[in-house]
Protein chains: 2
Amino acid sequence: MQRSARATIKDVAKAAGVSPTTVSHALNGKGVVRRETAERIRRVAAEVGYRASPIAQGLQNSKLGLLALVIRPLHSLDTFLPEGVDYFLRLAGAASLAAMERGYSLMLVDDPTKPDAPLSATAADAYIVSEPFADDPVLTLLSEKRIPFVSIGSDPSRPGRFVELETHDWAEAVLVLDHLVAAGAQRVALLTGSDANSWNRESEDAYRHWCAERGQDPDIAAFPEAEGERVGDAALDRFFGPSATAPPDALFCLTGRHAAGVNSAAAARGIRVPEDLLLAAGSGALQNRISHPGVTTLDLRPEASAQRAVEVAVRLAEGLPLDLPLEVERAVLDVRGSTTRG
Amino acid sequence: MQRSARATIKDVAKAAGVSPTTVSHALNGKGVVRRETAERIRRVAAEVGYRASPIAQGLQNSKLGLLALVIRPLHSLDTFLPEGVDYFLRLAGAASLAAMERGYSLMLVDDPTKPDAPLSATAADAYIVSEPFADDPVLTLLSEKRIPFVSIGSDPSRPGRFVELETHDWAEAVLVLDHLVAAGAQRVALLTGSDANSWNRESEDAYRHWCAERGQDPDIAAFPEAEGERVGDAALDRFFGPSATAPPDALFCLTGRHAAGVNSAAAARGIRVPEDLLLAAGSGALQNRISHPGVTTLDLRPEASAQRAVEVAVRLAEGLPLDLPLEVERAVLDVRGSTTRG
DNA sequence: CTGAAAGCGCTTACAG
DNA sequence: CTGAAAGCGCTTACAG
C-alpha cells in the first residue's frame, strides 16, 4: 500500500540514514557531501518518490514571482473561444508574455472569493482585474487582504478608490456614434449588455449625453452578454417590432457577439446592412471581420492594456512607485462594410 | 523611513500587544476573540500594512491548486498575437478555462530551466508542456525534480518515455498531401520549420514516406519559424528560382505564417494561387482565413487538446490513475480557395 | 564531510 | 477570551 501523504525530506533522511540537512545539501548541490552519500540519497529519494515542496522552499524568500489575471466578465460568457470574444484571449496572452519578460509567471484565476477557491487563487504577488463589476467583491477581498492589485476599468460604484487603469469608454462611444452619423445615420439606437461594469455604464452615459446634445430620444435595449449571437432576433423585434415607434437606422452594439447576431438576423428578415441599418460594435472579434458584410468595430487594443497592467502590477508587487500614466491606449475604429454605404 | 521587509504576524502582535495566535484568530475569524481586541488587531494590521503570506499559510496544506503550461515554441516566435499563430493562444485560453472548471488556476510559465526563473516557475502541482523539443531540458528538469507533467506531442528523441498526449502528425500530413493531389497537384513540395519538435519531424517523415509511395522525389525546404511571413520570397526563390529543377505545383507549409508569406509573395510575382500553385498549411490562423485567396489549413483543435491535457495534469497532480486515452483529437481540414480550382 | 539547531511565517490543538 | 508550544517542510549558518 502506498502512503497517501507525500514523502518529506525527513522520510528520505531516515531511509538513507542521514540527516535532513545532508539530504538538502545533496539534492540541491549545496554544501559538501561525499559523492557516494549524495548518490545514495538521490537514489533513495527517487525510490520513495520524494519531491521537494516548492512552498516550503519558498518560505524563506517569500516571493513567488506570480501575477494573477482575473477576467470578471468571463462568467457572463458561455465561451472563451476566439470566435466569440477575442478581447480577453488577446488580453490574457499579451499579459502572460509581458509577465514573462519581467521575470514573472501569470496565471488566470477564477473568482478568488469563492469559498472553495484553491490556495493559488490568493497567492499571487499582485493582481490584475479586468472590468470589475459594481461593488466588486473581488476588489473588496483583495483590498481587505491587502493584496496589491490594479484594475482595467474602474469599479463603477467606487471609481478612483483603488489603483486602476483608466479606459476611454466615453470617448470611444462618441467616436462610434459620430462615425455612424458621418456614415449617414439619422437615428442611432444602443444595444448594451446587462453586466454592471464601467464599460456598459460609461458607454450608456455617453450615448445619453450624445443624444441630448443632438436632440434625439435615446433608444436603448439591454440584453445579457451571455446570450451572445442569440440576441439577434429579440433585438430586432425590440427595435423594429410592432410596438417600436420611430425605428432606428443605425445600431451601436456594445459587444461584438450581439452585433454578429443582429447582423445575421437582419439578413434573415431582409433588413439590409448597411443600406437599411448601419451597424457598429464596441468590441469586436474575428467573426465581425469575416461576416458579410463585415461589421465596423472598435479595436480596444488589449495587448497594450495588458502590457501596461503588467507593468503596474509588477511595480505594486515590488513596492515601487507608480510614476506612469494610469491609462490604457485609445481604441481604434476598424471601419467595415456595415457602415459603408454605396 | 519604511521598513523594507514585509510586516509579519509577529509585528502585528507586538504592535497590538497580543500574541501571534490571537492575531491569527482575529484575522481569520477562527477561535474566539473579544470584539474590541479583534477590531484593534485589524486596525493595527492595516496600519503596519500587514498581509498574510500565502506561502506560509499554504505550508500546512501543501497544495497550491496550480497548473502550469509551458509552450516550448513560444521563443521561436516573435509574437504571440492572434494574427500570427492563434494555435497557442487558443490552447492557453482553453487550458485556463478547463483548469478553472476543475478548481485549479493555470499559469503560463517561461522556461523553468532558466537560472533566474521565479519560484513560481517550478511551483505548480503539475505541468503541461506543449510541443517539446528533442532532448528537451524542460522535460529533463521536471522529471529530475519529480514534478508531474504531461506533454502534448512527444520529445522526438525520447518518445514514449514520459506521460504524453499522442498527436496525429503523420496522419494529418497525409490528409493534407492527399487533399492536394485530389485538388490537382502533380508535384507537392514541403516547407517545414527549423524547430526540432515532433510536429516538424513527424510531418517530414510522413511526407518522405508519402513521396516514396508515389514515386515522387521529395522536395523540402526548412525555414525558421521565427521568420514568419517574411520567408515568402526566399521560399519562392528556393522552389522556383533559377537553380530549382522541376518546380512544384503544390506546396505544403507546416506553419500558417509561412503559408501566408508564400501566398502574398506569390501574388506579388504573378504566381497564381491556386491555378499555378496549390497551397496548404499545417497549422493555420486567422490570417489564412481572411487572405485572398484563403489558405486551406488544418484546424488542430487546440481546445480539445487543452481539455485533455488539463484532465491528465489534474490526475497526475492528485495521484489518480490515468485511465484515459492519451491522445488528442484529430485535426480537421478547412478547405479554402488556395486549393480550390475553377 | 555531516548534523543539531534555529528560523522562514503562519496555523492549530491545547492549557490556562 | 488569550497565549505558549508544537509543527508545517524546508534552508542555512554554525559547530563538530
Side-chain angles (χ1 to χ4, degrees), chain A residues 3-42 44-45 48-66 119-120 122-125 145-147, chain B residues 3-42 44-45 48-66 119-120 122-125 145-147:
Chain A
R3 22 181 330 152
S4 66
R6 211 156 98 165
T8 72
I9 200 171
K10 277 189 198 167
D11 298 322
V12 179
K14 205 164 296 174
V18 296
S19 75
T21 303
T22 305
V23 175
S24 175
H25 283 329
L27 260 25
N28 298 308
K30 303 250 175 101
V32 205
V33 183
R34 213 194 329 163
R35 268 189 77 78
E36 301 123 56
T37 314
E39 270 162 20
R40 178 159 44 89
I41 290 174
R42 274 193 287 270
V44 170
V48 303
Y50 173 71
R51 173 190 166 196
S53 155
I55 303 191
Q57 296 189 117
L59 237 200
Q60 341 271 338
N61 304 271
S62 198
K63 222 193 126 211
L64 229 23
L66 220 206
L119 178 56
S120 61
T122 50
D125 299 325
K145 291 213 172 197
R146 321 203 91 257
I147 301 174
Chain B
R3 19 181 331 151
S4 65
R6 212 156 97 164
T8 72
I9 200 171
K10 276 189 198 166
D11 299 322
V12 178
K14 205 163 296 172
V18 296
S19 76
T21 304
T22 305
V23 174
S24 175
H25 283 329
L27 260 26
N28 298 308
K30 304 250 174 101
V32 205
V33 183
R34 211 193 333 160
R35 269 189 76 79
E36 301 123 58
T37 313
E39 270 162 21
R40 179 160 43 91
I41 290 174
R42 274 192 287 271
V44 170
V48 302
Y50 172 72
R51 172 190 168 195
S53 155
I55 303 190
Q57 295 188 116
L59 237 201
Q60 341 271 339
N61 306 271
S62 199
K63 221 192 127 211
L64 271 175
L66 221 205
L119 178 57
S120 61
T122 50
D125 300 325
K145 291 212 170 197
R146 322 204 92 257
I147 301 174

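The model shown is predicted, which means the values in this text are computed figures rather than measured ones. Here is how names work: the chains are called A, B, and so on, in the same order as the sequence lines, proteins then strands, and each is numbered from 1.
- Which of C:dT11, D:dT12, D:dG9 sits closest to the side chain of A:His25 comes down to D:dT12.
- Between the side chain of B:Ser19 and the main chain of B:Thr22, a donor-acceptor pair closer than 3.5 Å is present.
- When the nucleotides D:dA5, D:dC1, C:dT11 are ranked by their closest atom to the side chain of B:Thr21, D:dA5 comes out on top.
- Heavy-atom distances to DNA chain D give each of B:Ala56 and B:Arg40 a nearest nucleotide, and the one nearer the 5′ end belongs to B:Arg40.
- Counting to the nearest Å, the P atom of D:dG9 and the NZ atom of A:Lys10 are 7 Å from each other.
- The heavy-atom pair separating A:Tyr50 from A:Ile9 by the smallest distance is CE1-N, 3.4 Å.
- Checking D:dC10, D:dG3, D:dT11 against the side-chain heavy atoms of A:Asn28 singles out D:dT11 as nearest.
- Between B:Ile41 and B:Ala16, the shortest heavy-atom contact is CG1-CB, 4.2 Å.
- A:Arg34 has its CZ atom 10 Å from the P atom of C:dG3, to the nearest Å.
- Out of D:dC10, C:dG9, C:dC1, the shortest distance to the side chain of A:Ser53 is found at D:dC10.
- B:Arg51 comes within 4.0 angstrom of sugar-phosphate atoms only, judged by non-hydrogen atoms across all strands, and of no base.
- Closest approach to the B:Gln57 side chain among C:dT11, C:dC8, C:dC1 is made by C:dT11 (side chain taken as heavy atoms from C-beta onward).
- Side-chain nitrogen and oxygen atoms of B:Lys30 include at least one within less than 4.0 Å of the OP1 or OP2 phosphate oxygen of C:dT12.
- Rounded to an integer number of Å, the gap from CD1 of A:Ile55 to P of D:dC8 is 15 Å.
- Remark: P of D:dC8 and CG of A:Leu119 are 18 Å apart, rounded to the nearest angstrom.
- For the pair B:Leu27 CG and C:dG9 C1', the interatomic distance rounds to 13 Å; values are reported in whole Å.
- Note on B:Thr37: a side-chain N or O is less than 4.0 Å away from OP1 or OP2 of D:dT2.
- Here C:dG3 is the nucleotide among C:dC10, C:dG3, D:dG9 with the atom lying nearest to any side-chain atom of A:Ser19.
- In this structure, D:dA4 makes no Watson-Crick or G-U wobble pair, since no nucleotide meets both defining distances under 3.5 angstrom.
- The CG atom of A:Leu59 sits 8 Å away from the P atom of C:dG9 (whole-angstrom rounding).
- Base contact: B:Val32 has a heavy atom under 4.0 Å from a base atom.
- Look at C:dA13: it lacks any Watson-Crick or wobble partner with both distances under 3.5 angstrom.
- Smallest separation of non-hydrogen atoms from A:Ser120 and B:Gly65: OG-O, 2.9 Å.
- Residue B:Ser24 has no polar side-chain atom (N or O) positioned under 4.0 Å from OP1 or OP2 of C:dC10.
- Using a 4.5 Å heavy-atom threshold, the side chains of A:His25 and A:Val18 count as separate.
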Exercise for the section: Please lay out, stage by stage, how B:Lys14 and B:Val48 fare under the test side-chain contact (heavy atoms from CB on, under 4.5 Å). Expected result: CA-CA 11 Å; B:Lys14 205 163 296 172; B:Val48 302; over 6 Å; no
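- Following rounding to the nearest Å, B:Ile9 (CD1) and C:dG7 (P) show an atom-to-atom distance of 18 Å.
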